[in-house]
Protein chains: 2
Amino acid sequence: MPHAAQRRPLRADAQRNYDRIVSAARDVFARDGAGAALKEIARQAGTGSATLHRLFPSRRTLLEAVFHDRVEDLCAMAARRAAENEPGPALLAWLGDLNAYASASRGLAASLLQDGRDADLLEQNEGCQAMITNAVRGLLRRAQQAGAVRPGIRAEDLLALINAISLATEHHDDGEQADRLLDIAIQGIRGQAV
Amino acid sequence: MPHAAQRRPLRADAQRNYDRIVSAARDVFARDGAGAALKEIARQAGTGSATLHRLFPSRRTLLEAVFHDRVEDLCAMAARRAAENEPGPALLAWLGDLNAYASASRGLAASLLQDGRDADLLEQNEGCQAMITNAVRGLLRRAQQAGAVRPGIRAEDLLALINAISLATEHHDDGEQADRLLDIAIQGIRGQAV
DNA sequence: ACCTGAACACCGTTCAAGT
DNA sequence: ACCTGAACACCGTTCAAGT
């Protein structure tokens, strides 16, 4: 049962198509990557392609719908890391969470973090981009106040860096490379003593 | 005048097409990014599309031809950095060179560094991938012997990281983000005292 | 030997016509 | 209100026919 964040409720048949498309998209994105053919998704969902384009005006909208729940989990995890750890370790551990998720979903989440220049998605502050940005901002602010992080580091930079790592390691047999790159990044983020 | 690295010399008209295609590709890749339409390149070169596909069996082959000279420059620069600096600074400075180049070419070079699983391109050790890998290996070995770099870092990781940064910042108005990310990476690479 | 343009099987997106 | 499938303008790649 997907989440119910809809402007106004859809007619029953429209909602059915919506759900089928999201479900098909989950499979096809996982199989073919974030650049998968939308027509193939519509085909597997058993709907016309125009239906897909009306319900999801851009590829990004569809990705948002597919990953919304997971991103919520990630933000909940951020709160838990903050509650259970010192500020520095909380941030670093959560960057590990984010990286693990991004790697597991074959860099798909990365497609969400990129740019984010989708007018109406920014207005309503619900997009995955906004949710994740808020989560990392909170962790980063506390870590900076504790002096656990080098000065001059921005929240967007941290997201971009994890994003970058999962993008670059997406097509790679060496599954551990993402971990090694994250390790380098973390060493570059932390202050003298953590 | 492009480089002359050809298995066997082409017939005059073939060579003319080869040069025209590389020249058109340089423009179109710069304008549309590394995913640009090959048909558009053939069109702008004034050749049939089959000619392009025969001369350059894969998109990667064409990218190699376009960037070969610049990559040679970069490798020459690596030698200069090594000659003029201490091992640690030489490596870090050259990573800056690589990043500057990758950003300037809108992440195009990144497409070259990725994967590199192109059978015949690896056999003959001339590919851009191999040239750059050799360059960074040399710099890294010396820096590691000098203790200027954290242990456990691999040459492929450094390339992947720069690759990642230019990929992730390719579509970004904030031109300085690549620099900030490189800075984080460099702090993560260097040892205690450099 | 090498080139060309048409041909084929695909895209993403839109639009008339249906219910 | 919502859906559908055909239509359009594009791809990448291949192949017959040309010189």
Side-chain angles (χ1 to χ4, degrees), chain A residues 2 4 6-25 27-29 31-66 108 111 114-115 118-121 171, chain B residues 2 4 6-25 27-29 31-66 108 111 114-115 118-121 171:
Chain A
Q6 217 56 42
R7 292 269 191 205
R8 268 187 287 146
L10 294 173
R11 216 174 64 176
D13 53 348
Q15 181 66 50
R16 209 157 41 93
N17 278 332
Y18 183 98
D19 294 345
R20 281 181 181 166
I21 289 172
V22 171
S23 166
D27 293 349
V28 177
F29 281 144
R31 176 159 51 83
D32 299 345
L38 299 181
K39 219 155 194 167
E40 163 71 12
I41 292 175
R43 211 148 34 215
Q44 185 159 323
T47 91
S49 36
T51 300
L52 185 151
H53 283 280
R54 190 166 5 85
L55 257 22
F56 304 95
S58 69
R59 177 182 298 270
R60 193 190 159 87
T61 325
L62 184 49
L63 283 165
E64 292 257 356
V66 167
L108 295 183
S111 323
Q114 218 149 10
D115 289 346
D118 229 351
D120 45 322
L121 279 181
H171 305 296
Chain B
Q6 217 58 41
R7 291 271 190 202
R8 267 186 286 146
L10 295 174
R11 217 174 62 177
D13 54 346
Q15 182 66 47
R16 208 158 41 92
N17 278 333
Y18 183 99
D19 294 344
R20 281 180 181 167
I21 289 172
V22 171
S23 165
D27 293 350
V28 177
F29 281 144
R31 177 159 50 82
D32 299 345
L38 299 182
K39 218 156 195 167
E40 162 72 13
I41 292 175
R43 211 148 34 214
Q44 185 159 323
T47 90
S49 37
T51 299
L52 186 150
H53 283 280
R54 190 167 3 85
L55 257 21
F56 304 94
S58 70
R59 176 182 299 272
R60 192 191 161 88
T61 324
L62 184 49
L63 283 165
E64 292 257 355
V66 167
L108 294 184
S111 322
Q114 220 148 9
D115 287 349
D118 229 351
D120 43 324
L121 279 179
H171 305 296

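Each chain gets a letter, A, B and so on, in the order the sequences are listed, and its residues count up from 1. As the structure is a prediction and not an experimental result, all values here were calculated from the model.
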K.L.:
Verify the contact: side-chain N or O of B:Asn17 to OP1 or OP2 of C:dC2, cut-off strictly under 4.0 Å; return yes or no.
P.N.:
no

K.L.:
Using the side-chain hydrogen bond (donor to acceptor under 3.5 Å, both in side chains) definition, which of the options A:Arg11, A:Gln15, A:Arg16 pairs with A:Asp13?
P.N.:
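So, applying the side-chain hydrogen bond (donor to acceptor under 3.5 Å, both in side chains) to A:Asp13 and each of A:Arg11, A:Gln15, A:Arg16, only A:Arg11 qualifies.
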
K.L.:
List the protein contact pattern of nucleotides 8-19 of chain D with one symbol per nucleotide (5' to 3'): B for base contact, S for sugar-phosphate-only contact, - for none; contact means a heavy-atom distance under 4.0 Å.
P.N.:
---SBBBB----

K.L.:
Report the distance from atom CZ of A:Arg16 to atom P of D:dC3, rounded to the nearest whole Å.
P.N.:
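In whole Å, D:dC3 P and A:Arg16 CZ are 9 Å from each other.
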
K.L.:
According to the ring-ring contact (aromatic ring centres under 6.0 Å, His included) rule, which pairs have a member within residues 45-65 of chain B, sequence neighbours left out?
P.N.:
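Every pair satisfying ring-ring contact (aromatic ring centres under 6.0 Å, His included) with a residue in residues 45-65 of chain B: B:Tyr18-B:Phe56.
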
K.L.:
What residues, two or more places apart in sequence or in another chain, satisfy salt bridge (Lys or Arg N to Asp or Glu O under 4.0 Å) together with A:Asp27?
P.N.:
none

K.L.:
Measure from CG on B:Leu10 to C1' on C:dC3 and round the result to the nearest Å.
P.N.:
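Rounding to the nearest Å, CG of B:Leu10 and C1' of C:dC3 are 13 Å apart.
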
K.L.:
Suppose we screen for side chain to side chain contact (heavy atoms under 4.5 Å, CB included). Which residues come up paired with A:Thr51, at least two apart in sequence or across chains?
P.N.:
A:Asn17, A:Ile21, A:Thr47, A:Arg54, A:Leu55

K.L.:
Could you report the tightest heavy-atom contact between B:Lys39 and B:Ser49, atom names first, then the distance?
P.N.:
CE-OG, 4.1 Å

K.L.:
Answer yes or no: is there a donor N or O on one side and an acceptor on the other, between the side chain of A:Arg59 and the main chain of A:Leu38, under 3.5 Å?
P.N.:
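It does not hold such a pair.
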
K.L.:
If you write DNA chain D from 5' to 3' in dot-bracket form, with Watson-Crick or G-U pairs under 3.5 Å, [ ] for crossing pairs and | for pairs with another strand, what do you get?
P.N.:
||.|||||...|||||.||

K.L.:
Rounded to the nearest Å, what distance is computed from the CD atom of residue B:Gln15 to the P atom of nucleotide C:dC3?
P.N.:
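Atom CD in B:Gln15 sits about 10 Å away from atom P in C:dC3.
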
K.L.:
Taking 4.0 Å as the cut-off, does a side-chain nitrogen or oxygen of A:Thr51 come that near to OP1 or OP2 on D:dT4?
P.N.:
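Yes, within the criterion.
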
K.L.:
Sequence neighbours excluded, which residues qualify as side-chain hydrogen bond (donor to acceptor under 3.5 Å, both in side chains) partners of A:Arg43?
P.N.:
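Expected list: A:Glu40.
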
K.L.:
Quickly work out the A:Phe56 CZ to D:dC2 C1' distance and round it to whole Å.
P.N.:
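From A:Phe56 CZ to D:dC2 C1': 15 Å.
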
K.L.:
At their closest point, which heavy atom of A:Ala34 faces which heavy atom of A:Phe29, and how far apart are they?
P.N.:
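Smallest heavy-atom distance, with atoms named: O-CE2, 3.7 Å.
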
K.L.:
Within less than 4.0 Å of OP1 or OP2 of C:dC2, is there a side-chain N or O belonging to B:Arg54?
P.N.:
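So the side-chain polar atoms of B:Arg54 never come under 4.0 Å of the phosphate oxygens OP1 or OP2 of C:dC2.
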
K.L.:
Just to verify, what does A:Asp32 make a side-chain hydrogen bond (donor to acceptor under 3.5 Å, both in side chains) with, not counting sequence neighbours?
P.N.:
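Partners of A:Asp32 under the side-chain hydrogen bond (donor to acceptor under 3.5 Å, both in side chains) test: none.
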
K.L.:
How many Å lie between CG on A:Leu55 and C1' on D:dC2, as a whole number?
P.N.:
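Value for this atom pair: 10 Å.
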
